[in-house]
Number of protein chains: 2
Amino acid sequence: MKIKRIDHIAIVVDDIDNALGFWRDALGLNLSHVEDVPDQRSVVAFLPTGASEVELVKPTSRDTGVARFLEKRGPGIHHICFEVEDIEDALASLKADGIRLINETPQIGTGGKKIAFIHPESTHGVLVELYELTGQEPEVRLARARRLADRVLAGGQAMANSALEFLRGLGGNSR
Amino acid sequence: MKIKRIDHIAIVVDDIDNALGFWRDALGLNLSHVEDVPDQRSVVAFLPTGASEVELVKPTSRDTGVARFLEKRGPGIHHICFEVEDIEDALASLKADGIRLINETPQIGTGGKKIAFIHPESTHGVLVELYELTGQEPEVRLARARRLADRVLAGGQAMANSALEFLRGLGGNSR
């Protein structure tokens with residue numbers, strides 16, 4: 001199986017605006033967008049950096065894994081997501097190696113991308129997500145990049161640099 | 001302040017060989033090297049992916065932060081490290097924003113690189129490391145890349161692809 005890169009690090013928070021006070025305003029990451037994801041019962045803020053993203057995730061319901069994590073442990077890193085070349089192949093390979101999978105077949109995420117989680121029991125305590133870029137997603141990401149570019153035109157050089165990095169990240173995905 | 005990319009994700013483990021059974025053998029990340037870091041009282045396995053690395057950290061003493069983390073929480077993600085353009089500038093900016101720093105001035109890490117940690121209290125539960133590439137480090141990294149390239153010559157195409165990604169990551173650092 002072939003891992004391409006770290007796609008994102010997901011951080012569970014109890015207040016998106018409050019968390020952006022550190023991750024965007026103090027640390028200086030660029031916010032590409034905030035998205036309500038009803039089927040995951042969460043709100044997600046996306047902050048691209050290099051070819052990866054930091055994602056701040058706030059649960060909007062009490063009965064999700066993310067909400068239970070927040071209640072039990074407080075805010076912090078929830079999972080790490082890697083882009084893979086072929087997710088079905090990756091899951092078959094992991095299964096053959098006796099790795100415990102949370103999703104034995106890929107789930108369909110935002111923009112049509114395929115995702116699956118590996119159980120922390122098999123990874124030494126880390127919830128690992130695998131993700132494969134699929135057909136519809138480049139269009140979704142391009143639309144986001146265009147919205148970001150529009151904002152950059154109004155926002156000056158510092159934001160332009162972040163956007164360039166974000167676009168480089170998109171380029172990296174299509175390799 | 002200017003964040004360039006995710007440099008690495010550090011995962012605390014209690015047994016490096018055992019952890020490599022998942023992270024290298026099952027997940028398929030390439031192992032660049034394993035290093036004994038006496039001044040951090042730990043052994044670290046470096047697994048480059050894209051322009052970032054996964055680092056598996058095993059404490060070699062009981063009285064370090066990493067050892068206490070392992071004893072209290074078990075294996076898992078310990079911190080996330082971002083490369084910054086100018087670490088002194090970054091720390092001054094964070095301090096001016098009222099962010100709690102673990103290191104108010106940069107510490108000198110392996111290969112002469114400058115590093116500093118931000119307290120999880122100010123980041124919403126995440127231990128954040130900042131890192132600035134400095135003079136000596138490109139030589140250290142180049143020597144590692146050469147050793148990796150030597151192994152690639154003996155190891156075939158799959159490993160060559162990982163090495164290329166690793167070298168691309170080095171290229172990204174020098175921009």
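Order of the sequence lines fixes the chain letters, A, B, ..., with proteins taken first and strands second; residue numbering starts at 1 for each chain.
- In this structure, chain A has heavy atoms under 4.5 Å from both the backbone and the side chain of B:I77.
- With a threshold of 4.5 angstrom between heavy atoms, A:L56 does not approach chain B through any atom at all.
- Minimum interatomic distance between B:A26 and A:D97 (heavy atoms only, all atoms of both residues): CA-OD2, 3.5 Å.
- Put simply, of B:V126, B:I99, B:I80, the one with the most heavy-atom pairs under 4.5 Å next to chain A is B:V126.
- Interface remark: B:V84 contributes no atoms to any contact with chain A (heavy atom separation under 4.5 Å).
- Interatomic distance, CG of B:D14 versus NE2 of A:H124, reported as 7.5 Å (0.5 Å rounding).
- Contact check for B:L94 versus A:F22: side-chain heavy atoms found under the 4.5 Å cut-off.
- Looking at heavy atoms from C-beta onward, A:I3 lies out of side-chain contact with B:W23 at the 4.5 angstrom threshold.
- Note that CD1 of A:I6 is 4.5 Å distant from CD1 of B:I9, once rounded to the nearest 0.5 Å.
- Under a cut-off of 6.0 angstrom, the local environment of CD in B:E88 is crowded, with over 12 non-hydrogen atoms contributed by other residues, nucleotides or ligands.
- The contact between A:V128 and chain B is made entirely by side chain atoms (from C-beta outward), counting heavy-atom distances below 4.5 Å.
- Heavy atoms closer than 4.5 Å to chain B are found in the backbone of A:D25, but not in its side chain.
- Between B:L130 and A:L27, some side-chain heavy-atom pair lies under the 4.5 Å cut-off.
- When the candidates A:N18, A:D15, A:I118 are compared by the number of heavy-atom contacts under 4.5 Å with chain B, A:N18 comes out ahead.
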